[in-house]
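The structure appears right after this line, and notes come after that.
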Amino acid sequence: MEAMGEKWGKVILWVVISTTIIAIAMVPTVTCAKQCSFPAIFNFGDSNSDTGAISAAFGQAPPPNGITFFHTPAGRFSDGRLIIDFIAKSLGLPYLSAYLDSVGSNFSNGANFATAGSTIRPQNTTKSQSGYSPISLDVQLVQYSDFKTRSIRVRKKGGVFKKLLPKEEYFSKALYTFDIGQNDLTAGYKLNMTTEQVKAYIPDVLGQFSNVIKSVYGKGGRSFWIHNTGPLGCLPYMLDRYPMSAAQIDKFGCAKPFNEVAQFFNHKLEEAVVELRKELIEATIVYVDVYTVKYTLISHAQKYGFEKGVIACCGDGGKYNFNNVARCGATKRVNGKNIVIAKSCEDPSVMIIWDGIHYTEAANKWIFLQIANGYFSDPPISLKLTCLANESIHHH
Ligand SMILES: *[C@@H]1O[C@H](CO)[C@@H](O)[C@H](O)[C@H]1NC(C)=O
Ligand SMILES: *[C@@H]1O[C@H](CO)[C@@H](O)[C@H](O)[C@H]1NC(C)=O
Ligand SMILES: *[C@@H]1O[C@H](CO)[C@@H](O)[C@H](O)[C@H]1NC(C)=O
Ligand SMILES: *[C@@H]1O[C@H](CO)[C@@H](O)[C@H](O)[C@H]1NC(C)=O
């Protein structure tokens, strides 16, 4: 109930601030409209926003990924588009190419540095040992920095490069989006740490996260849109791997300890964002509570037009339709032919969880629609007004 009060407080505050912003926007209409049209997006993250990097570097996400929207695997772990795709579309920009994808990419309106399995902190295990991507957030920052320096230089050569690389001014005008942290939480559990031990390293994780934001600001980034981490305990891959006692499962089927650790991370992330705002005074830093939106959807699936909460659409059976050794798209050799054993459900549009780890296009779209208007953001500013939020913070 306290949360409800807080939510209404947020809504009222949003109305006040948005009214103020509309008032500001009404006066110099032309300049404000210009300020808020992001010409590019630079994204950092994990599989929640990877649009083709891990596929380009380590092998394509197999079919039936992509089945709903792209009708072919498209470097995304989903049947269709991700939240970052809906963000790009709503800003009138093309879907982001992965920086690591050398085939058919176009970086005119930004680049995506996210890779599936990325953590904020570099891991001390290889990808083949633990499954985590070697392209942790610090590496994504190096790639971004290199991309910026080289694309500015190469674009000056003209010709096709002018049609493939962003204008120099886009780097300061772009929207910088972040969705990372989930794998930092699971990494500790995979090393058999207790929840207390996982919590103990979260400050270090967020210290490294803040350093990356500061570096991007140092390179000219000004508008930041930061997703918090989702309800880890509602995902089949966690529920399957770590069996819980009945008391540890909430009434929607989610594992409470993992959701608590995700909320602890989010609380610390929000604190880190508050500190960053003090230091990076020209920046707009929006903290987006994706956790609440995802949890609301999973816990009230039917109310929002979905059939099931914590059950995966694509899988090979079992309690959660998730089998860690035969994940979505897994094949088996039968009579000399490869047949897919971990298949898509009949209608992914009525399912929330795609493959036990990631969300369906339908869920991603729903989540995007909730967060785009700012109701779940701090400050409560819509995506399209994000570039103006620093004004309202400083002057009102
Ligand atoms: C990796 O090992 C180094 C050196 O022992 C340590 O400082 C660092 O925290 C470790 N990283 C992780 C993610 O455990
Ligand atoms: C890349 O995308 C931009 C923006 O959509 C477009 O103007 C440009 O022509 C594209 N480049 C190529 C080589 O097709
Ligand atoms: C974690 O515990 C499991 C089960 O006892 C064991 O098989 C595994 O090797 C342990 N992993 C690590 C990294 O210690
Ligand atoms: C808000 O950000 C814009 C764009 O980076 C900057 O020009 C402006 O000075 C900032 N406003 C404040 C009050 O810091």
Side-chain angles (χ1 to χ4, degrees), residues 37-43 46 51-52 74 81 84-85 87-99 101-112 115 117-141 147 150-152 154-171 173-175 180-212 229 232 237-238 240-244 257-258 261 265 268-269 324-325:
S37 66
F38 296 109
I41 299 171
F42 295 102
N43 181 66
D46 56 27
T51 56
R81 289 166 289 180
I84 188 67
D85 292 314
I87 289 177
K89 186 170 179 251
S90 82
L91 296 175
L93 300 174
Y95 301 130
L96 290 183
S97 291
Y99 168 74
D101 194 352
S102 47
V103 180
S105 286
N106 183 339
F107 302 110
S108 297
N109 301 98
N112 190 355
T115 77
S118 287
T119 48
I120 293 169
R121 290 199 304 181
Q123 298 300 303
N124 292 324
T125 48
T126 65
K127 189 172 184 300
S128 61
Q129 288 167 329
S130 61
Y132 294 109
S133 167
I135 302 150
S136 42
L137 188 57
D138 56 320
V139 181
Q140 293 180 28
L141 174 69
F147 175 80
R150 287 165 62 227
S151 67
I152 292 170
V154 171
R155 198 173 190 276
K156 292 192 177 124
K157 292 184 184 171
V160 71
F161 298 115
K162 277 188 103 155
K163 290 184 170 175
L164 288 172
L165 296 169
K167 292 181 184 166
E168 182 167 356
E169 77 217 44
Y170 286 7
F171 288 94
K173 293 182 177 165
L175 180 66
I180 193 162
Q182 181 173 328
N183 295 316
D184 289 276
L185 302 182
T186 64
Y189 288 111
K190 271 201 183 172
L191 294 170
N192 294 337
M193 288 184 182
T194 62
T195 292
E196 286 315 306
Q197 287 172 312
V198 171
K199 281 183 175 172
Y201 68 66
I202 287 175
D204 180 35
V205 171
L206 289 169
Q208 298 194 27
F209 178 81
S210 294
N211 286 341
V212 169
T229 198
L232 186 61
Y237 81 129
M238 295 302 284
D240 175 73
R241 188 181 174 115
Y242 306 98
M244 295 271 148
F258 298 137
V261 96
F265 174 90
K268 296 283 173 197
L269 173 63
N324 198 38
V325 294

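The basis for the numbers below is simple: all heavy atoms, side chains too, and nothing from hydrogens, waters or symmetry mates. Atoms within a ligand are numbered from 1 in the order they appear, just like the ligands themselves.
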Review point. Which pair of non-hydrogen atoms, one from V198 and one from V261, has the smallest distance, and what is that distance?
Key: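 Here V198 and V261 meet closest at CG1-CG2, 4.0 Å.
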Check your understanding: Is the NZ or CZ atom of R81 both under 6.0 Å from the centre of the six-membered ring of Y95 and within 45° of that ring's axis?
Key ->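 Here R81 fails the 6.0 Å and 45° test against Y95.
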Check your understanding: Should the pair K199 and F265 be classed as cation-pi, given the thresholds of under 6.0 Å to the six-membered ring centre and 45° from the axis?
Key ->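 The answer is no, since K199 fails at least one limit relative to F265.
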**Study point:** Pick from L165, V160, N109: the one approaching atom 5 (O) of ligand 2 most closely through a non-hydrogen atom
**Key:**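 The nearest heavy atom belongs to N109.
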Check your understanding: Can you tell which of L93, L164, N106 gets a heavy atom nearest to atom 2 (O) of ligand 2?
Key ->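 Among L93, L164, N106, the closest heavy atom to atom 2 (O) of ligand 2 belongs to N106.
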Exercise for review: Indicate whether the side chain of T126 and that of Y132 have a donor and an acceptor atom separated by less than 3.5 Å.
Suggested key: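 No donor-acceptor contact under 3.5 Å links the two side chains.
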Check your understanding: Would you say the side chains of N112 and T51 form a donor-acceptor pair under 3.5 Å?
Key ->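 Yes, side-chain donor-acceptor contact under 3.5 Å.
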Check your understanding: Does the protein place any heavy atom closer than 4.0 Å to atom 14 (O) of ligand 3?
Key ->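 Yes; the ligand atom in question has protein heavy-atom contact below 4.0 Å.
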**Study point:** Test item: protein heavy atom less than 4.0 Å from atom 7 (O) of ligand 1
**Key:**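 Given the 4.0 Å cut-off, atom 7 (O) of ligand 1 does not count as touching protein heavy atoms.
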Check your understanding: Step by step, would you call S108 with Y170 a side chain to side chain donor-acceptor pair (under 3.5 Å)?
Key -> CA-CA 9 Å; S108 297; Y170 286 7; over 6 Å; no
Check your understanding: Can you find an N/O atom of N124 closer than 3.5 Å to an N/O atom of ligand 1?
Key ->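 N/O-N/O distance below 3.5 Å exists for this pair.
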Exercise for review: Among all protein heavy atoms, pick the one closest to atom 11 (N) of ligand 2 and tell me residue, atom and distance.
Suggested key: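 The answer is K163 O, 2.6 Å.
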Practice item. Tell me which protein heavy atom sits closest to atom 9 (O) of ligand 1, plus the residue, atom name and distance to 0.1 Å. Key: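 For atom 9 (O) of ligand 1, the nearest protein heavy atom comes out as R121 NH1, 4.0 Å.
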**Study point:** ligand 2 atoms in contact with S108 (distance to a heavy atom under 4.0 Å)
**Key:**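 Per the distance check, 1 (C), 2 (O), 3 (C).
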Review point. Counting both backbone and side chain atoms, is some N or O of N192 under 3.5 Å from an N or O of ligand 3?
Key: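 Among all N and O atoms of N192, at least one is under 3.5 Å from an N or O of ligand 3.
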Point to revise | Aromatic ring pairing Y99/F107, orientation class (parallel under 30°, perpendicular over 60°, tilted between) | key: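 It falls in the tilted class, 30° to 60°.
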Exercise for review: Measure the distances from the heavy atoms of P122 to every atom of ligand 1 and state whether one is below 4.0 angstrom.
Suggested key: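 It does, in that a heavy atom of P122 comes within the 4.0 Å cut-off of ligand 1.
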